[in-house]
Amino acid sequence: MGCRFSIVNISSAIFHCSAPDLASCPDESLPEFAFIGRSNVGKSSLLNYLAGKNGLARVSPTPGFTKLINFFTMSKTWRLVDLPGYGHAHLARKDRAEFNQAVIEYLQHRPNLHCVFSLIDSGLSPQQIDLEFVEWLANNHIPFVLVFTKTDKVNPAEVQANIAAFKEHISEWCEKLPEIFTCSADSKHGRGALLGVVTEVLSSVQAEQGEEIEQSPSEEIVEEPSEPPQDAEVSSEDFLKIRQDSSGRDTRGKRPKLLRPW
Ligand code: GDP
């Protein structure tokens with residue numbers, strides 16, 4: 001992994017739209033970063049923490065509430081995509097199949113999808129459904145990182161043991177392990193590193209477009225701010241101008257080449 005610097009400020013986080021299927025997704029003008037995990041993994045809490053906005057994603061006591069693909073425009077330069085969770089035991093099989101299909105189509109065919117943040121509960125030993133999903137991502141050459149959530153919930157040794165066990169499982173079929181991150185929305189840990197992934201990708205996209213990146217000192221590494229900034233005045237809008245592929249053709253091949261196993 002090369003130089004890491006993080007978008008320390010998200011100047012705006014605005015709900016764009018909800019889509020029930022791939023055809024209803026918005027235009028492909030901005031790079032997208034999708035978040036997905038088993039129901040109750042802590043996705044909504046994490047998205048709110050990342051965005052520094054409590055009302056961004058709904059934190060629901062009812063698993064499976066979010067059935068749509070939700071798009072949020074961040075700092076006018078990238079989209080955060082909240083994908084429906086998988087593994088809702090109480091939902092009818094028909095419903096499950098329906099929104100799994102939307103997610104599958106989005107993941108397989110969205111040309112401006114740059115990275116999937118695959119969320120795993122750090123308090124649990126490897127779950128079959130998570131292992132299968134991660135294997136599916138890898139088999140489909142979909143760029144992803146693993147994010148172990150709720151690290152505050154169990155002791156650090158248990159977190160490490162669960163991560164090690166997960167790695168051992170996937171190493172059976174994964175030649176090179178994906179990048180692994182830990183986070184806790186409750187204890188406010190992990191934001192800097194996760195946004196660092198976004199920044200790295202956006203920088204690569206811009207570099208591939210042959211544009212100059214003007215990096216000010218304030219955009220250099222800042223790990224773990226105590227509170228996510230809200231509505232801060234930043235120049236990230238100018239910092240990362242992402243050009244639209246007006247032809248509308250598949251730009252998946254234009255993804256930046258990163259040191260990840262996909
Ligand atoms: P989602 O279904 O994946 O969107 O998960 P939610 O964000 O709604 O969270 C599910 C449950 O886990 C809720 O009771 C949250 O309060 C709790 N939770 C979420 N994140 C954390 C965390 O970082 N630490 C702890 N201890 N609990 C969390």
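Counting starts at 1 for both ligands and their atoms, following the listed order.
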Would you call the rings of Phe148 and Phe166 parallel, tilted or perpendicular, taking 30° and 60° as the class edges? perpendicular

With sequence neighbours left out, the residues meeting side chain to side chain contact (heavy atoms under 4.5 Å, CB included) with Ser187 are Asp152, Ser184, His189

At less than 4.0 angstrom from any non-hydrogen atom of [X], what atoms of ligand 1 do you find?
{"X": "Val41", "answer": "3 (O)"}
{"X": "Asn40", "answer": "1 (P), 2 (O), 3 (O), 5 (O), 10 (C), 11 (C)"}
{"X": "Ser45", "answer": "6 (P), 7 (O), 9 (O), 19 (C), 20 (N)"}

Residues passing the ring-ring contact (aromatic ring centres under 6.0 Å, His included) test with Phe71, sequence neighbours excluded, are none

Short version for Asp152: what comes under 4.0 Å of ligand 1, heavy atoms counted, is side chain

Would you call Arg38 and Asp121 a salt bridge, taking side-chain N to carboxylate O under 4.0 Å as the test? no

For Lys153 and ligand 1, does the shortest N/O to N/O distance drop below 3.5 Å? no

| request: Using distance alone, determine whether Ser39 and ligand 1 share an N or O pair under 3.5 Å. | output: no

So CG of Leu83 and CD of Glu32: to nearest 0.5 Å the spacing works out to 9.5 Å

